[in-house]
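Worksheet: the structure to be examined is printed underneath.
Protein chains get the first letters and strands the later ones, always in sequence-line order, with residue 1 at the start of each. Values below: every heavy atom of this structure, side chains too, minus hydrogens, waters and symmetry copies.
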Amino acid sequence: MIEIKNVKKSFGKLEVLKGITNEIKNGEKVVIIGPSGSGKSTLLRCMNLLELPTSGEIWLDGKRITDISSEFYPELLALKGKEYKSLYKNLNAQNSLDINSARQKMGMVFQHFNLFNNLSVLNNLILAPVKLKLQSEEQAVENAEKLLKRIGLYDKRDEYPSKLSGGQKQRIAIVRSLAMNPEVMLFDEPTSALDPEMVGEVLELMKELAVGGMTMAVVTHEMGFAKEVGTRVLFMDEGQIIEENSPKEFFENPKNPRLKEFLSKIL
Amino acid sequence: MLKSLANSIYKSFILNNNYLSYLTGLKNTLIISLFAVILGVIIGCLVAIIRYNAQVKKKSNPLSVICDIYVMIVRGTPVTLQLLIMYFVIFGFMKQQQILIGTLTFGLNSGAYVSEIIRGGIFSIDKGQMEAGYSMGFKSRQCMRYIIMPQVLKNTLPTICNEFIALIKETSVIGYIGLMDLTFAGKVIQSAYADAFFPLFVVAGIYLSIVYILSTLFKKLERRLSRSDRN
């Protein structure tokens, strides 16, 4: 579903991602863990191009959503000047999907919720589907109400985000993404900004989604969630994926010394 | 004493239908202020967004450079001077159109200040709001329109109101190009009948009432828009 091809990302001189290649397949729940500063959030944000990779490509459903990366096109490297430009343009137009359509298929949940502060809960849910003309307003409202009932927050439909608890905000942020009927959901440390007692309700909703078959990529520090829900766990350090495995193997039988050290500190 | 007071009032308002001068003046002040405010807000929003985008991308483009220069010039010169230049130099060929030229001058003038208010307002909105918009598939223009600008306008409302008030009072210099506005009307009657008290105080009272009404309206609007941040 999402293919990551040798993605590198630098902020100025700091290289945060040093060439990541991976694929998230349909139905997978990939959990990305690692120490802070290891690049896991950046990787996730590169998937829906909130950060543009410095080089490398991202593909969604067999369509490229970044510009082409010349390293994959040997025929391009031989050319110079005008010819290079014209072939580049040509290749770039092939098999590509524009960024906004791609993002519509990828829901994203943020650490700090990022609900639209000026809109009521219901309007938060229907804004994108209606304004992007994916659903009529009646459809969107009906769908939104269904989603709110499902998470037990139907009575909050006319409240504004400032009146909600952190856990409620995050659950609403999740269903706001769901209202777009995404194919894959990206979670960027969804429980890190929550009070401990509210972490559970958010994880519960995420589990529900996972059981429902949603493809997910989750950056988190919740090891319990990784073990229970993940189908594959990636460990990142210093901008590289240094170990990936099924949760069982990953936690019971870690191979990389850096991962062993990391796990011994947190478990 | 009472008689001279009555006489003064008579001269200031009733003699030769003098009250009509105030009404004409009021009408002109209101027309210029209203259209200048509208023009100012439109220009202000556009300039703010152009300059914000250039600033975020850390790359200026011809349009943003023009906007930078515009803001610098407008804020760097007195509005009276801008009015004179517009009237005598730039639009020297259409000296009958004082209202139009006045509106344009004050609109352009106000636009520069409004743009700075709004630009500051955009920066005060958490980056996550924009990212959430992007992540759902909005283009940057749509994010601005549906998510950022409504919050910016709400947050900057008191400052914008302040700017409107300043603008209304600033229009009083339009007398420099010979248009009968409220201040000019007072001034004319004062000098024609050698009586300063009533003409000037009445004019002051009218400005005060306009500003009072405007600020009351804005307070109401503010209260309505702040529904979302009650805790």
Side-chain angles (χ1 to χ4, degrees), chain A residues 12 41 44-45 47-52 65 97-121 123-134 158-164 169 172-173 176-182 185-188 193, chain B residues 41 45 48-49 52-59 117-161 218 220-231:
Chain A
S41 279
L44 198 76
R45 289 162 61 84
M47 290 185 204
N48 69 351
L49 306 189
L50 281 184
E51 303 290 354
L52 279 179
I65 61 174
L97 180 67
D98 82 279
I99 187 172
N100 297 310
S101 324
R103 283 173 177 160
Q104 291 177 16
K105 300 183 188 176
M106 295 192 267
M108 178 131 186
V109 176
F110 299 86
Q111 182 177 356
H112 295 288
F113 331 126
N114 297 346
L115 290 177
F116 304 133
N117 296 323
N118 56 322
L119 299 176
S120 69
V121 166
N123 284 329
N124 260 281
L125 263 65
I126 67 171
L127 180 76
V130 172
K131 296 295 181 195
L132 293 168
K133 303 203 167 60
L134 303 174
D158 296 318
E159 296 286 8
Y160 285 88
S162 57
K163 272 200 153 183
L164 305 171
K169 281 186 201 173
I172 284 166
R176 178 179 66 175
S177 291
L178 290 180
M180 297 284 290
N181 298 319
M185 292 276 287
L186 311 174
F187 292 86
D188 188 4
Chain B
V41 169
C45 287
I49 291 173
Y52 169 82
N53 280 335
Q55 207 172 340
V56 169
K57 286 180 191 144
K58 296 194 179 89
K59 223 173 78 184
I117 296 171
I118 293 196
R119 199 167 59 94
I122 298 176
F123 274 108
S124 75
I125 304 290
D126 179 37
K127 227 177 85 199
Q129 296 282 310
M130 195 86 163
E131 287 183 350
Y134 282 143
S135 79
M136 314 197 76
F138 281 123
K139 297 188 183 95
S140 105
R141 195 182 308 164
Q142 292 169 314
C143 285
M144 270 288 167
R145 181 167 157 209
Y146 299 126
I147 300 159
I148 306 299
M149 283 318 257
Q151 298 187 48
V152 168
L153 291 179
K154 192 194 90 188
N155 294 349
T156 55
L157 212 56
T159 332
I160 298 259
C161 174
F218 262 82
K220 273 200 180 132
L221 192 62
E222 225 176 286
R223 217 171 300 144
R224 258 187 65 180
L225 290 179
S226 66
R227 273 176 315 181
S228 59
D229 41 40
R230 270 181 318 185
N231 270 311

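To the nearest 0.5 angstrom, A/Asn114 atom CG is 13.5 Å from B/Tyr134 atom OH. Between B/Ser135 atom OG and A/Met180 atom CE the span is 8.5 Å, to the nearest 0.5 Å. The distance from the OH atom of A/Tyr160 to the OG atom of B/Ser226 is 10.0 Å, given to the nearest 0.5 Å.
With a 4.5 angstrom heavy-atom cutoff, A/Asn48 touches chain B only via side-chain atoms. Contact of A/Arg45 with chain B is made through the side chain alone, with heavy-atom distances under 4.5 Å. Heavy atoms of B/Lys139 lying under 4.5 Å from chain A belong to its backbone as well as its side chain. Interface remark: A/Phe110 contributes side-chain atoms only to the contact with chain B (heavy atom separation under 4.5 Å). With a 4.5 Å cut-off on non-hydrogen atoms, A/Leu115 touches chain B through its backbone but not through its side chain.
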(message) B/Lys154 vs A/Asn118, test: side-chain contact (heavy atoms from CB on, under 4.5 Å). Steps then yes/no.
(response) CA-CA 9 Å; B/Lys154 192 194 90 188; A/Asn118 56 322; 5.8 Å; no
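Of the residues considered (A/Leu50, A/Ile99, A/Leu186, A/Asp98), A/Leu50 shows the highest number of contacts with chain B, using heavy-atom pairs under 4.5 Å.
In this structure B/Leu153 satisfies the side chain to side chain contact (heavy atoms under 4.5 Å, CB included) test together with B/Ile118, sequence neighbours excluded.
Near-neighbour residues of residues 119-132 of chain B relative to chain A, defined by a heavy atom under 4.5 Å from a heavy atom of that chain, comprise B/Asp126, B/Gly128, B/Gln129, B/Glu131, B/Ala132.
The two residues B/Met136 and A/Gln104 come nearest to each other via the heavy atoms O-CG, 3.6 Å. Shown here for B/Phe138 and A/Ala128, the closest heavy-atom pair between the two residues is CZ-CA, 3.5 Å.
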